[in-house]
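Report on the following structure.
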Amino acid sequence: MIEFATFFFVGALAQLVDGALGMAYGVISSTVLMSFGVSPAVASASVHTAELFTTAASGTAHIANRNIDWKLFWRLVPFGILGGVLGTYVLTSIDGSVLRPYVAAYLGIIGLLLTVRSFRKIPRTPTPMALVPPLGAAGGFLDSIGGGGWGPIVTSGLLGAGGQPRYVIGTVNAAEFLVTLSVSISFLVALLTGHWEEAGDLSTHALSVLGLIAGGILAAPLAGYAVKRIPERLLLRIVGLLICGLCIQQIVSILS
């Protein structure tokens, strides 16, 4: 129950931040899992399993509130799926201990970028559609590799290019469900075909995944209220510093 309660809190916190900013659920959850000694591939698979439920709830809410730019959605999804599937194949083909330092470095970079971005004014110009395919592919790939990255890469990129926050966050969250589904199916195929030798018994992390799911689903309706009350820059700064702190913990764990 302590394990379930811990990840329930982590899932709720991550979903509050993700719902308010369109990013960070996967990054926070996967980083905490890896801090408990879970390998990068298993952490990514566990987080994507949880995200099947949380992204469905979040995407449905955004559709209901008409926060979706469908032209952007259909341009973003195919490249996100392609990057996610490729990232899954790479991640399940390599020993997790080899990837751990690179994943920690990636999370550290993301944390620094989010923190720096919180001190800058976001421009408001039309989003160049030519930017969408590479952003989608990079976001899907890094999301699969790191267990999180779709939101930080895609949402930050689109907002930085001048996209309207309401439609960028809504569209990226809705698209994330399909990207997460494709990544989860890829992990399942790798497991069933014997391609993923490091997987072991994933049921040992069942309580962690259930905690992430329960916390995320409970917090999803509260995200809309949180974004109205807490300034966006403050939330962004908090999550950036949190990820940097967890990254430092990962580095210390690797070196010890």
- Note on the structure: Between the CD atom in Gln15 and the OG1 atom in Thr55, the distance rounded to the nearest 0.5 Å is 8.5 Å
- Message: Check whether Ser144 reaches the backbone of Gly140 with its side chain - one donor and one acceptor, N or O, closer than 3.5 Å.
- Response: no
- Query: Which pair of non-hydrogen atoms, one from Ser29 and one from Val47, has the smallest distance, and what is that distance?
  - Reply: CB-CG2, 3.8 Å
- Query: CG/Asp143 to OG1/Thr88 distance, rounded to the nearest 0.5 angstrom?
  - Reply: 9.0 Å
- Are any of the side-chain heavy atoms of Val90 and Phe141 separated by less than 4.5 Å? yes
- Item | Test item: Arg75 side-chain N/O and Pro133 main-chain N/O as donor-acceptor pair under 3.5 Å | no
- Could you give the distance from CG (Leu212) to CZ (Phe9), rounded to the nearest 0.5 Å? 12.5 Å
- Item | Trp150 side chain vs Ala138 backbone, donor-acceptor pair below 3.5 Å | no
- Note on the structure: When rounded to the nearest 0.5 Å, the distance separating OG of Ser46 from CD of Glu51 is 11.5 Å
- Message: Atom CH2 of residue position Trp74 - does it have more than 12 heavy atoms of other residues, nucleotides or ligands inside 6.0 Å?
- Response: no
- Consider only side-chain heavy atoms of I, L, V, M, F, W and Y, link residues closer than 4.5 Å, and tell whether Phe79 and Ile81 are in one cluster. no
- Message: Within the 4.5 Å heavy-atom criterion, are Ile68 and Tyr167 side-chain neighbours or not?
- Response: no
- Task: Kindly indicate whether the side chain of Val179, heavy atoms from C-beta on, has any atom under 4.5 Å from the side chain of Val77.
- Result: no
- Message: Side-chain heavy atoms nearer than 4.5 Å, only ILVMFWY residues, links allowed to pass through others: does that put Phe8 and Leu210 together?
- Response: yes
- Message: Could you measure the distance from the CG atom of Asp69 to the OG1 atom of Thr171? Nearest 0.5 Å is fine.
- Response: 5.0 Å
- Item | Ile213 vs Phe7 side-chain heavy atoms within contact, under 4.5 Å | no
- Task: Would you mind telling me which of Asn67, Leu158, Asn173 makes a side chain to side chain contact (heavy atoms under 4.5 Å, CB included) with Val168?
- Result: Leu158
- Query: So how far is it from Leu82 CG to Leu86 CG, rounded to the nearest 0.5 Å?
  - Reply: 6.5 Å
